[in-house]
Amino acid sequence: IAYDRDTGKEAWRSVATETVPHESGHGTNTHASASPITDGKHIYASFGSMGIFCFDMTGKKIWERDLGDMQTRNAFGEGASPALYKDTLVVLWDHEGQSAIYALDAKTGETKWATGRDEPTSWGTPTIVEHKGKVQVITNGVTVRSYDLENGTTLWECGGQAKNPRATPIVRDGIAYCMTGYRGYAVYAIPLDSKGVVSRSDVLWSRTDAGPYVSTGVLYEDLLYYTKSRDAILVAANPKSGEKVIEETRLPGLSSMYASMVAAKDRIYITSREGTVLVIKHGPKLQVLATNEFDEGIDASPAIVGKQMFIRGQKHLYCVEAN
């Protein structure tokens, strides 16, 4: 579904597919949990086992691919969003069967390469980054891996993450920050210059006392912000040393989190499942600037475009705009 950004009026809607799901899902998951991605000319949407689709900006279907059916852990469902780099669409396919990562031609949907993965079900979105002339595809998992976008070769891998990895890798200044927070915690700062099997002693730093379960943290200016498990407990660390700047602190008025944090203009926006958006000031101390209440729950991450913030609740899509 496409909406006019300024008015909220529906522009068009297109049906990708109609089919009977092969397995159920978690009560908080849907078959449309993955986010679409666009290059401004085409829109790419992954419904996982229901298919991968490409639309133009008017809603016309250009191509579709069927990669088969996933068998997810405990039938929790699927949710990994695709990643796009120029003319390559990357799809992560981690499940209880043969896991893999696919690179598809964004123009046709045809497979450029596919590499098998020794990974159980995961729900993370890959991060694609160019580093020293080579484009790396970084995937979170029980083992974090980096692939060469050109041919799917594994460049490096680093174990140590906890179960059910979901957080998207954060990359800046040649470092990948990968986190998990289910039945254990892990936050690893891994150099993109790594090669082969990376041990814990080879990383820039690591911590095992906190880490997000569902939400992805945010690296803003000189601080790396993340939460503990799915609870509204905030941690901020120095991205170069891993030293905690803000110790584990309960966020007032928030209970649990699925949405990822976003940041703009020295403000960090933190969204709870109960429908509260907390605004804190960027800095070494927790300073709450505003508490905003919505009349419905929010699981999706806010999106900031210019002066507008889009928030998808359980029943409505909201646009909040700066004066």
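Reckoned from all heavy atoms, side chains included, excluding hydrogens, waters and symmetry mates.
- To the nearest 0.5 Å, atom OH of residue Tyr185 and atom OG1 of residue Thr208 are 11.0 Å apart.
- A salt bridge is defined here as a Lys NZ or Arg NE, NH1 or NH2 lying under 4.0 Å from an Asp or Glu carboxylate O, and Arg273 with Asp299 meets this definition.
- More than 12 heavy atoms of other residues, nucleotides or ligands sit less than 6.0 Å from atom CG of Asp266.
- Hydrophobic cluster membership differs between Val262 and Val218, with clusters built from Ile, Leu, Val, Met, Phe, Trp and Tyr side chains linked at under 4.5 angstrom.
- With respect to the salt-bridge test (charged N to carboxylate O, under 4.0 angstrom), the residues Lys132 and Asp193 qualify.
- Within a 6.0 Å sphere centred on CD of Glu150, heavy atoms belonging to other residues, nucleotides or ligands number 12 at most.
- Less than 6.0 angstrom separates the ring centroid of Tyr220 from the ring centroid of His282.
- Here Tyr318 and Phe294 bring their ring centres to under 6.0 angstrom of each other.
- In this structure, Val245 is a member of the same hydrophobic cluster as Val288, with clusters built from ILVMFWY side-chain heavy atoms closer than 4.5 Å.
- Classification of Glu248 and Lys228 as a salt-bridged pair holds, one side-chain N sitting under 4.0 Å from a carboxylate O.
- A single hydrophobic cluster is seen to contain both Val187 and Ile175, as judged by linkage of ILVMFWY side chains at heavy-atom distances under 4.5 Å, directly or through other members.
- The pair Asp209-Lys244 meets the salt-bridge criterion, with a side-chain N (NZ, NE, NH1 or NH2) lying under 4.0 Å from an Asp/Glu carboxylate O.
- Contact check on Asp87 versus Lys107 returns no salt bridge, with no Lys/Arg side-chain nitrogen under 4.0 Å from an Asp/Glu carboxylate oxygen.
- Both Met70 and Ile52 belong to a common hydrophobic cluster when Ile, Leu, Val, Met, Phe, Trp and Tyr are linked at side-chain heavy-atom distances under 4.5 angstrom.
- Between Glu119 and Arg145 there is a salt bridge, with a side-chain nitrogen of the basic residue lying less than 4.0 Å from a carboxylate oxygen of the acidic one.
- The hydrophobic clustering, which links ILVMFWY residues whose side-chain heavy atoms are closer than 4.5 Å, places Val279 and Ile304 together.
- For Arg117 and Asp94, the salt-bridge test passes: some basic side-chain N is under 4.0 Å from an acidic carboxylate O.
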